[in-house]
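Below is one structure, written out as structure tokens, with a few remarks after it.
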There are 2 protein chains.
Amino acid sequence: MPEESVTSFEELVARLRRIFVNAGASPQQGAAVARVIASGERDGAKSHSVYRVEVCLKSMRAGTVDATAVPELRDDGSPIIRVLGNRGFSCAAFELALPVLAERARQCGLAALVLNDVGHFSALWYEVESVADRGLAGMAMCPSYSAVAPAGGSRPLLGTNPFAFGWPRPDGPPYVFDFATSVAARGEIELRRRAGDPIPEGWAVDADGAPTTDPDAALAGAMLPFGGHKGSAIATMVELLAGALIGDMSSREVLDDLGGTSLVPVHGELILAFDPARFAAGRDADPARQGEALFEAITGQGARLPSMRRYAARERAATQGITLTAEEQAQLNRFEEHGLDALS
Amino acid sequence: MPEESVTSFEELVARLRRIFVNAGASPQQGAAVARVIASGERDGAKSHSVYRVEVCLKSMRAGTVDATAVPELRDDGSPIIRVLGNRGFSCAAFELALPVLAERARQCGLAALVLNDVGHFSALWYEVESVADRGLAGMAMCPSYSAVAPAGGSRPLLGTNPFAFGWPRPDGPPYVFDFATSVAARGEIELRRRAGDPIPEGWAVDADGAPTTDPDAALAGAMLPFGGHKGSAIATMVELLAGALIGDMSSREVLDDLGGTSLVPVHGELILAFDPARFAAGRDADPARQGEALFEAITGQGARLPSMRRYAARERAATQGITLTAEEQAQLNRFEEHGLDALS
């Protein structure tokens with residue numbers, strides 16, 4: 001049994017990339033997924049950390065994600081840039097288009113990136129942070145698979161439909177939030193199921209629409225949207241903008257397509273980029289300074305900014321390395337030795 | 001004392017327009033505000049109904065809103081259209097730019113309308129519905145004045161920062177939601193204060209940061225964001241996108257500028273318009289049909305769509321007219337006879 005071990009970000013990216021490529025992924029696909037997972041592990045963002053290698057490999061084995069797919073950029077010079085993912089991983093589609101999205105946003109002031117037909121394993125915080133690192137504000141959203149009842153309903157229809165936003169900061173990493181529009185992320189319920197812990201009240205209903213604290217019953221029933229009818233409305237907006245609008249799947253169609261929720265969902269995503277220099281042009285105002293004043297006022301009354309915990313984990317990783325648990329080590333070792341055959 | 005009376009939408013618009021013009025508004029400004037207020041009264045949307053004529057007139061008297069201002073369109077052919085409101089009402093600025101926004105969205109696929117320096121009395125549902133009536137998806141947001149503590153904080157910083165979205169439907173009025181990112185709208189607390197009713201727990205804290213159910217204490221303290229840290233994040237995004245990004249005021253600056261919350265706030269607004277025909281181009285998909293399937297699935301499990309109550313009130317008004325209470329009648333009569341002198 002291996003022990004807990006410490007690795008660097010670069011080592012972890014290389015190791016994960018090797019695992020994916022050995023399992024049949026193209027270098028482009030494997031490297032893109034590896035960067036997202038290593039970033040999640042580095043930042044202590046468990047929903048995209050090493051334990052999720054398994055679901056990615058399972059999706060490759062099932063053929064629902066094509067990790068040899070070549071994403072195709074479709075750019076007609078308009079503010080809408082599209083990538084046809086061809087059922088490859090979303091991470092590769094996003095990496096391909098990010099420079100074009102940033103350039104177009106600076107040129108037009110506002111641009112949209114549409115990802116179609118992608119095996120969605122992106123962390124939206126990773127994406128809006130990448131947009132904000134280029135001096136732009138970014139908004140990202142996507143459906144997932146039906147798992148959440150609309151407010152006032154009792155059956156799964158909406159996905160956990162994450163919504164994320166990033167804002168560039170002059171000194172240090174961007175202001176970033178990224179949350180599921182369900183009360184909890186599916187991954188959080190999954191982690192409690194694995195740990196044998198109950199879930200808090202208000203997270204979910206069982207298959208009969210009754211409130212439950214049992215993770216298994218919750219996963220078989222429906223999660224609830226955050227914030228009642230307001231959160232439900234936002235989740236609905238995500239279905240419309242990142243599904244219907246862009247000619248891609250709804251969460252219900254994704255579930256019908258895959259027949260379950262154990263594989264990476266295949267659908268679309270919408271990412272918007274806003275250039276403060278263009279939006280504030282001609283105004284006697286400094287968007288960066290105003291943003292900083294807001295953040296200072298938030299932290300000045302003892303409230304936290306989202307992502308602070310993630311950035312703190314990132315700083316620790318930079319000085320102390322990334323710690324993999326014995327279990328994570330063992331799993332990666334198995335994948336390195338046996339590839340897809342290591343899957344249960 | 002006048003009695004309850006019934007009026008038509010057109011009569012109410014004309015009457016309100018007359019009141020505003022007699023009080024010193026330009027016909028452009030007066031007509032635009034009148035249409036929003038009459039629409040709110042018709043739809044049973046109290047936060048923009050007849051009782052709000054008073055705050056508009058008070059803002060004119062105080063000189064914080066200039067109801068003779070001529071809004072100026074700034075259009076460089078890019079996807080960003082700007083209106084300088086010159087402290088006139090937002091409603092007039094929006095009316096001026098709506099056709100250009102719709103045309104640009106069809107041309108570019110995606111367009112943004114920035115309103116700067118407007119006395120903000122727009123109902124965002126009115127605006128996103130107007131966008132959706134042109135076959136486009138619309139998103140709108142704006143700050144207000146510091147009244148809401150960020151999640152984890154205790155002092156007013158964020159505004160009630162409404163966020164709205166509209167989606168065109170082939171048969172009937174659009175899918176529209178419009179909500180304050182505070183648990184409750186300021187207007188809802190104000191209405192309970194006037195009625196002498198307490199507010200529910202969880203809506204607000206008093207000036208010392210302690211939970212309160214007293215509307216006066218709540219208005220003197222801080223409201224809370226909906227949905228905990230997620231709603232707080234969205235309210236923060238609204239400050240950044242519809243304040244810092246567009247070179248306009250934050251909710252804190254608005255409060256400092258006006259010195260209180262009894263007048264119409266003067267700040268900016270951001271409205272985005274998305275053309276489904278362009279976003280879904282080349283895809284084997286029908287955005288309208290997919291939207292309808294989603295709405296049917298929501299209502300099919302007994303959940304409501306937002307705006308259903310408003311549209312039902314609108315239908316009743318179309319057949320039975322709009323009923324003004326005796327108090328509303330008396331107030332309008334006073335404004336008709338005495339103009340600004342009727343203000344307390």
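All of these numbers come straight from a predicted model, not from anything done at the bench. Chain letters run A, B, ... following the sequence lines, proteins first, then strands; residues in each count from 1. Worth knowing before you read on, the calculation uses all heavy atoms, side chains too, and leaves out hydrogens, waters and symmetry mates.
- Between A:Trp167 atom CH2 and B:Glu239 atom CD the span is 11.0 Å, to the nearest 0.5 Å.
- When every heavy atom of A:Leu110 is checked against every heavy atom of B:Ala112, the shortest pair comes out as CD2-CB, 3.7 Å.
- For the options B:Gly247, B:Gly152, B:Pro276, B:Gly227, heavy-atom pairs under 4.5 Å to chain A are most numerous at B:Gly247.
- The two residues B:Arg278 and A:Ser78 come nearest to each other via the heavy atoms NH2-CB, 3.7 Å.
- Residue contact with chain B, scored on non-hydrogen atoms closer than 4.5 Å, involves the backbone and the side chain of A:Thr236 alike.
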Given side chain to side chain contact (heavy atoms under 4.5 Å, CB included), test A:Asp275 with B:Ile80 step by step and report yes or no. CA-CA 10 Å; A:Asp275 184 1; B:Ile80 305 175; over 6 Å; no

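- Considering all non-hydrogen atoms of both residues, A:Phe179 and B:Ala233 come closest at CE2-CB, 4.2 Å.
- The distance from the CG atom of A:Leu245 to the CZ atom of B:Phe274 is 7.0 Å, given to the nearest 0.5 Å.
- When heavy atoms are compared at a cutoff of 4.5 Å, A:Ala111 approaches chain B solely by way of its backbone atoms N, CA, C and O.
- For the pair A:Pro306/B:His229, no side-chain contact is recorded, criterion being any heavy-atom separation below 4.5 Å from C-beta on.
- A:Phe279 places none of its side-chain heavy atoms less than 4.5 Å from the side chain of B:Leu241.
- Among B:Ala244, B:Ala280, B:Gly268, the residue making the largest number of heavy-atom pairs under 4.5 Å with chain A is B:Ala244.
- With a threshold of 4.5 angstrom between heavy atoms, B:Arg82 approaches chain A through side-chain atoms but not through N, CA, C or O.
- Heavy atoms of A:Arg252 lying under 4.5 Å from chain B belong exclusively to its side chain.
- Proximity of a side-chain donor or acceptor of A:Lys230 to a complementary backbone N or O of B:Ser182 within less than 3.5 Å is detected.
- Comparing A:Arg304, A:Met139, A:Arg289 by how many heavy-atom pairs each has under 4.5 Å with chain B, the most go to A:Met139.
- Most heavy-atom pairs under 4.5 Å with chain A, from the set B:Gly291, B:Gly231, B:Pro150: that is B:Pro150.
- Of the listed residues A:Gly77, A:Ala137, A:Ala180, the one with more heavy-atom pairs under 4.5 angstrom with chain B than any other is A:Ala180.
- Counting heavy atoms from C-beta outward, A:Gln290 and B:Met249 have side chains that stay 4.5 Å or more apart.
- Heavy atoms closer than 4.5 Å to chain B are found nowhere in A:Gln107, neither backbone nor side chain.
- A:Leu84 and B:Arg283 get closest at one heavy-atom pair: CD2-NH1, 3.9 Å.
- By number of non-hydrogen pairs under 4.5 angstrom with chain A, the leading residue of B:Gly153, B:Gly282, B:Ala285 is B:Gly153.
- Separation of atoms CG (A:Leu240) and OH (B:Tyr175) is listed at 6.5 Å; rounding is to 0.5 Å.
- Counting heavy-atom pairs closer than 4.5 Å to chain B, the top-ranked of the candidates A:Thr299, A:Asp286, A:Ile234 is A:Ile234.
- Interface check for chain B: of the options A:Asp284, A:Asp248, A:Leu272, A:Leu270, the most heavy-atom pairs under 4.5 Å are formed by A:Asp248.
- Nearest approach of B:Ala303 to A:Ala151, heavy atoms of both residues: CB-O, 3.4 Å.
- B:Ala149 approaches A:Gln301 most closely through the heavy-atom pair CB-OE1, 4.2 Å.
- For the set A:Ala297, A:Gly209, A:Gly302, the entry with the most heavy-atom pairs within less than 4.5 Å of chain B is A:Ala297.
- For the set A:Leu305, A:Asp76, A:Ile298, the entry with the most heavy-atom pairs within less than 4.5 Å of chain B is A:Ile298.
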